[in-house]
Number of protein chains: 4
Amino acid sequence: MTTEPAAEPAARRGRKRSEEGRIAILTAAYEQVAEVGYHALTIEGIAARAGSSKRTVYRWWSHKADVLLEALSVKAELRISTTDHGSWAADLSAFLRDSYELGRVPGVAPVLRALMAEAQIDPGFGQRFREGFLARRRAALATLTDRAARRGDLPPIDPGLIADLVFGTIWYWLLARDEIPADAPTDALTALLSARPEANPGPENRDQDRDQDDKEQP
Amino acid sequence: MTTEPAAEPAARRGRKRSEEGRIAILTAAYEQVAEVGYHALTIEGIAARAGSSKRTVYRWWSHKADVLLEALSVKAELRISTTDHGSWAADLSAFLRDSYELGRVPGVAPVLRALMAEAQIDPGFGQRFREGFLARRRAALATLTDRAARRGDLPPIDPGLIADLVFGTIWYWLLARDEIPADAPTDALTALLSARPEANPGPENRDQDRDQDDKEQP
Amino acid sequence: MTTEPAAEPAARRGRKRSEEGRIAILTAAYEQVAEVGYHALTIEGIAARAGSSKRTVYRWWSHKADVLLEALSVKAELRISTTDHGSWAADLSAFLRDSYELGRVPGVAPVLRALMAEAQIDPGFGQRFREGFLARRRAALATLTDRAARRGDLPPIDPGLIADLVFGTIWYWLLARDEIPADAPTDALTALLSARPEANPGPENRDQDRDQDDKEQP
Amino acid sequence: MTTEPAAEPAARRGRKRSEEGRIAILTAAYEQVAEVGYHALTIEGIAARAGSSKRTVYRWWSHKADVLLEALSVKAELRISTTDHGSWAADLSAFLRDSYELGRVPGVAPVLRALMAEAQIDPGFGQRFREGFLARRRAALATLTDRAARRGDLPPIDPGLIADLVFGTIWYWLLARDEIPADAPTDALTALLSARPEANPGPENRDQDRDQDDKEQP
DNA sequence: GGTTAAGCGAGACGGTACGTCGCGTCTTAGA
DNA sequence: TCTAAGACGCGACGTACCGTCTCGCTTAACC
């Protein structure tokens, strides 16, 4: 993100960045988007609401969507639990439940929709969003599939496809309706993605399936 | 959409709408977005490129995304085949193949991404897009699931969830990467959504399924 | 100036320039500079006061000083009388009297000082000011010296030097004090610049000159 | 000016002002204005060029024009010789020659024009400029007229008018053209302002003139 | 010789205006 | 009545300097 000081050695002279101001701007952006919507969110409005100057906003963020992305991580608990629940089905179910619940936290869904939208429209932000948000959540899911694979209870579906199905369904749930639906297909998705059809088709067939899948999505 | 003549009785006086101008505007929008991207697409630019006036554009469309939505249906074949291929698996596979192929037609993916993005940002266009585009494709898929249900080979998954999985995966495939991926999980998705665990399909059935898939997507 | 249509043949399509808006902007600029001073005069403020948009101001003038220059010719009578008063001394005296009086018209002096100042600071405006203002007044004076030369009563001083002396004294009178002085050296300047040492003007001529001056500036 | 220590008793503790820094800032301002012009001269730029901080500039000068005014007295020899040349005509001629020559020293004219311009625009600087620059030069000329009066060879023109004519002509020469003219009316001006017309009109007329002049410009 | 008070470079900050851009509306003249 | 042209009010853009304010450091004069 924009604010990590990273490996700045020592030679910091001059006035320090005001943490107070940073929080004021993030809060202003988060509240403003909830009140007027992303299309009416402006840097000008954020600065005015935060009692800061536009210059200060631009000094630290290059785009209103970047402000919002950082505001999200300050305002909402984005950590996805990757606790071991003992089985792939339980892990996946918890992951889905957490994800859908995040989308129902007041104020979060509009921000997520706006960020995904902006990622389509602004190529630069698109990259930052994919690397700073989407990739992190994919990595969290990968932790679960890796553990399940080690444990041996991952169904014979390509982990990449599992991720595409899981995140695809979640994002479609967010993006394709006007209002966020009240229900979420957590259980049905878990059932579908944890069914182990080894009782039905012979294992030799399944191996054959895997080979094909591997070819199609390496 | 905006341009359907619908039930126009007769009493149209004055100069008629220029079909030539309409196509010029749609073409200009479609080319412009391919060249400079949606964020740099403006009504002003469309009008200039089409040799028309802004007024004329605004008379027929209320938003640049609406121009693009109509341009898409003029420029790309959006009809999804709902031909009966004999089985749910074959129908689904064809539907997926058609859908992913549409996304790979040059120029289409950026437009689809832009439209979905605008639908998040502009509430009015969001409604038009959902009703005029998303709902139509959902209806096309519903034709397949209804047929499969009548035929009896629909796996015991809620048709709504099937649609969410199918479209979620397709849209995530479009939205979550910078470039459109070269491969698409057509076969794996078909396999997952046509497996019938309760029926315990013998290995012979599974082989049959796989054979069909192989034929449909060589 | 900026607004002269010059040699525009005929093909004027589109909405015409609003004369009402033009006057509103000129008036706003003229009033604003009188109230807050030139350094606090901004295009933004002019537009706001005129109820116009900045864009409209910038469409027709490139600089706030250009607005003021045009406002001056609308608000103040800039025509310098070049009427023939019968003698060089009478002509010059009338010219000086008119010029100093213009500087005492409320609101004019601050504008003139600002324009001369801006002409020093902005090279582009400097050229427009010299050609559109200074040169015109020099031409007016040249009319008088030409006439005097033809008449034969021009003292043997280079007309260019006469102009430099006349305008130099007037501008210094405007620029070198905080407040515009109440008195002006009209008579003394006239005397100095109409004395003909060689011709040795008889006292009767001089008395006649003085009489005129006395009448003209009571 | 800003830097005069004036009546500072003694109790100066802490680090002393860096003379090196002062010269660096004055030099930076002087060079910068020559390169980019006064309108593009900024405190920010001066500080950057001088390798100082804005704070340091603001600590000692309140306006960029004040920096320039002090820079002028460091960079150019502003002393006007008031040496006694034996006669009013010779004194005046030397004064004019020196003055016009100063305006032709490379870099000086643009600075003088800028200072006079700023004096019109910024009231505070206007006062400082008039008192710290214009008044001093008027005083220098007054030395000459006083001496001539004592000597008895001052022509019967009000000394104040002489000053207005001399400085008016010099400033107009600086301000009214784009480029500084190559020639200066030194001789013609000297001739005009040292001619003693007592040979021509009768003394009684001239006395009359003087009376009137006295009334007009007390 | 430690204390204390500037001076100084750096640079973040709240402001204000800049000049530009695109919006969506409007007023023309011509087809 | 539609069209191209284009002026208009509007509002945000991203930038530039303004003048102020910490910072951490340096440099003297004083105790």
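These numbers come from the heavy atoms of this one structure, side chains and all, not from hydrogens, waters or symmetry mates. Treat the numbers as computed from the prediction; the structure is a model and nothing was measured. Chain letters run A, B, ... following the sequence lines, proteins first and then strands; every chain starts at 1.
When the nearest nucleotides of DNA chain E are assigned to A:Arg55 and C:Tyr58 by heavy-atom distance, the more 5′-ward of the two goes with A:Arg55. Nearest-nucleotide positions on DNA chain E for D:Lys54 and B:Leu41 put D:Lys54 closer to the 5' end. Each of D:Lys64 and C:Ser53 lies near DNA chain F, and the nucleotide nearest C:Ser53 is the one positioned closer to the 5' end.
Atom CZ in D:Arg113 sits 9.5 Å away from atom CE in C:Met116 (nearest 0.5 Å).
One finds no side-chain N or O of B:Trp61 lying less than 4.0 angstrom from the OP1 or OP2 phosphate oxygen of E:dG24. Note on A:Thr56: a side-chain N or O is less than 4.0 Å away from OP1 or OP2 of E:dG14.
Whole-Å rounding puts the D:Glu19 CD to F:dT27 C1' distance at 16 Å. The interatomic distance linking C:Arg59 (CZ) with F:dA5 (P) rounds to 16 Å, in whole Å. One atom, NE2 of B:His39, and another, P of E:dG22, lie 11 Å apart when rounded to the nearest Å. Nucleotide E:dG22 holds its C1' atom 12 Å from the CD1 atom of B:Ile46, rounded to whole Å. Put simply, CD1 on B:Ile43 is 17 Å from C1' on E:dC26, counting in whole angstrom units. Nucleotide F:dG14 holds its C1' atom 14 Å from the CG atom of A:Asp122, rounded to whole Å. Atom CD1 in A:Ile25 sits roughly 8 Å away from atom P in E:dC13 (whole-Å rounding). Nucleotide E:dT25 holds its P atom 13 Å from the NE2 atom of B:His63, rounded to whole Å.
Every residue two or more places apart in sequence or in another chain that forms a ring-ring contact (aromatic ring centres under 6.0 Å, His included) with D:Phe133 is listed here: D:Phe129. Contacts of C:Ala117 classified as side-chain contact (heavy atoms from CB on, under 4.5 Å), with partners at least two apart in sequence or in another chain: D:Ala117, D:Gln120, D:Ile121.
Using a 4.0 Å heavy-atom criterion, one finds that A:Gly21 contacts no nucleic acid atom at all. When heavy atoms are screened at a 4.0 angstrom cut-off, C:Gly51 is found touching the sugar-phosphate backbone but no base atom.
Cation-pi geometry between C:Lys64 and C:Tyr38 is satisfied (NZ or CZ under 6.0 Å from the ring centre, within 45° of the ring normal).
Checking E:dC13, E:dG7, F:dC18 against the side-chain heavy atoms of A:Trp60 singles out E:dC13 as nearest. Closest to the side chain of D:Glu44, from the set F:dC17, F:dA7, F:dC2, is F:dC17. Set against E:dG15, E:dT28, F:dG19, the side chain of C:Lys16 has E:dT28 as its closest nucleotide.
The shortest side-chain heavy-atom distance between B:Leu69 and B:Val111 does not fall under the 4.5 Å cut-off.
No donor-acceptor contact under 3.5 Å links the side chain of C:Arg15 to the base of F:dC8.
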